[in-house]
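These numbers come from a predicted model, not from an experiment. Here is the naming used below: chain letters follow the sequence lines, and residue numbers restart at 1 for every chain.
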Amino acid sequence: MISISVRIHHSFKRFLPQGLTDHPFEISLKSGTTLGQMLKDEIKFPVDVPKVILINGLHAQEGQQLEDGDRVSLFAPIAGGQFY
Amino acid sequence: MTSFNEDQLRRYSRHIILPEVGGEGQEKLLASKILLVGMGGLGSPAGLYLAAAGVGTLGLVDFDEVELSNLQRQILHSTKDLGKRKVESARETLKGINPDVTLRNHDEKLTPENIMEIISDYDLILDGSDNFPTRFLLNDACVLAGKTSVYGAVFRFEGQMTVFEPHQGPCLRCFIPEIPPPGSVPRCQEAGILGVLPGVIGTLQATEAIKIILGIGRPLIGRFLVFDALEMELSEFKLPKNPKCLVCGEDAKLVDLKDYGDFCTL
């Protein structure tokens with residue numbers, strides 16, 4: 001098993017897993033779990049919501065395998081008044 | 001060494017008596033040139049404080065007019081300014097704050113064709129734009145030109161801020177490699193924004209800009225702030241440089257500014 005620390009920032013707090021009200025929270029996963037699997041199966045984060053995902057501060061791909069002790073941060077990409 | 005006249009000594013006295021600023025620091029501010037991109041929610045407080053601080057030259061970029069819906073947060077503009085070009089309205093307000101400041105209007109869209117020339121004459125860029133194509137264009141141009149940019153963004157009750165220092169820290173593309181697709185993120189006009197929020201973030205941007213010009217303190221390079229107004233919580237996380245970044249990474253491929261999608265406004 002591996003332990004991952006997850007931070008879900010402000011506007012994404014509505015997507016915190018049920019029963020949690022704040023972040024960061026720790027999550028235990030099977031070795032070999034990818035970021036995408038964690039988001040979909042454990043956190044149940046909606047697939048279609050645009051998001052910036054960092055692992056240990058670096059831009060991450062959903063196919064990336066998580067390592068014990070990784071810090072995952074999720075926040076909304078915001079630009080301001082006029083997006084397009 | 002510049003000699004301050006009596007008015008300047010009095011105007012900047014609260015800076016000059018700070019050991020970290022002093023007369024030398026105030027001279028640096030008076031000699032500095034900062035480009036403000038966007039005369040809206042973020043550019044308003046930033047512009048007011050930078051002008052008051054005695055930043056010698058402020059470039060003002062916007063190509064929009066003042067609308068009634070702007071006035072809930074864009075404090076450079078007043079009811080009497082409705083319908084005016086934003087750069088004109090901003091210039092009048094800033095000139096009233098401090099006649100020492102030279103104001104240059106850039107009443108035009110930033111485009112791949114004009115941006116390198118516009119930013120070339122400034123020491124620092126303050127990004128108060130309101131859409132991703134402009135932010136990415138500005139980011140890429142600043143990396144290519146080696147210009148520091150102070151980034152701020154606001155939406156609903158959330159603000160984000162950081163400093164991009166080319167070759168020393170990450171750039172925007174280190175953590176958002178590509179422009180999010182059109183329509184994938186809502187607009188302020190659809191989701192709203194707490195009027196005071198850009199005041200908080202724009203003021204933090206001005207603070208960082210002044211620190212960088214003065215060379216004091218620890219700039220927000222490689223650190224990303226997220227401000228949550230509802231929770232009154234300011235969180236920070238480290239943002240390392242991404243070695244695979246398309247623009248500033250080890251094998252950076254961007255050599256030219258090309259396609260940034262549609263620019264509907266700043």
Side-chain angles (χ1 to χ4, degrees), chain A residues 3-17 19-27 34-36 38-40 43 45-67 69-84, chain B residues 38 40-42 70 73 128-136 152-160 170 173-177 179-191 193 198 222 224 226-231 233 235 237-245 261-266:
Chain A
S3 179
I4 308 297
S5 171
V6 183
R7 295 179 82 175
I8 296 185
H9 289 280
H10 175 59
S11 46
F12 281 173
K13 281 188 183 169
R14 63 188 189 276
F15 302 129
L16 277 165
L20 287 175
T21 54
D22 209 355
H23 71 119
F25 58 90
E26 297 287 324
I27 193 162
T34 65
L35 174 63
M38 179 188 80
L39 293 175
K40 181 167 168 274
I43 300 181
F45 200 95
V47 187
D48 55 346
V49 172
K51 50 197 164 292
V52 178
I53 315 168
L54 306 178
I55 296 181
N56 304 325
L58 286 176
H59 171 71
Q61 304 283 354
E62 297 205 12
Q64 197 168 325
Q65 203 165 301
L66 293 164
E67 306 278 347
D70 275 348
R71 284 175 292 112
V72 175
S73 300
L74 285 121
F75 59 93
I78 63 174
Q82 305 279 338
F83 279 88
Y84 287 93
Chain B
L42 295 167
N70 300 150
R73 64 197 178 285
S129 61
D130 63 1
N131 67 88
F132 275 121
T134 303
R135 288 186 183 278
F136 276 75
V154 285
F155 186 63
R156 300 190 76 238
F157 297 94
E158 179 175 351
Q160 299 175 352
R173 285 194 194 259
C174 284
F175 65 102
I176 312 181
I179 303 178
S184 67
V185 274
R187 298 190 278 186
C188 276
Q189 61 200 53
E190 291 159 1
I193 182 163
F224 193 78
V226 179
F227 176 65
D228 178 343
L230 281 181
E231 297 290 327
E233 183 181 273
S235 48
F237 53 89
K238 290 202 170 18
L239 205 62
K241 201 166 159 61
N242 186 346
K244 292 179 187 159
C245 178
D262 292 331
F263 294 73
C264 71
T265 179
L266 249 187

So how far is it from A:Ile78 CD1 to B:Phe132 CZ, rounded to the nearest 0.5 Å?
-> 8.0 Å
Please say whether more than 12 non-hydrogen atoms of neighbouring residues, nucleotides or ligands are located less than 6.0 Å from CZ in A:Arg71.
-> no
Does a sphere of radius 6.0 Å around CD in A:Glu62 hold more than 12 heavy atoms from other residues, nucleotides or ligands, not counting ones at 6.0 Å or beyond?
-> yes
Minimum heavy-atom separation for [X] and [Y], please, with both atom names.
X        : Y        : value
A:Pro77  : B:Pro180 : CB-CG, 4.2 Å
B:Leu239 : A:Leu54  : CD1-CD1, 3.6 Å
A:Arg7   : B:Ser235 : NH2-CB, 3.6 Å

Check each atom of [X] against the heavy atoms of chain A and say whether the ones under 4.5 Å are side chain, backbone, both or neither.
X        : value
B:Lys244 : neither
B:Glu158 : both
B:Phe224 : side chain

If you count heavy-atom pairs under 4.5 Å with chain A, which of B:Lys238, B:Lys241, B:Gln160, B:Arg135 comes out on top?
-> B:Gln160
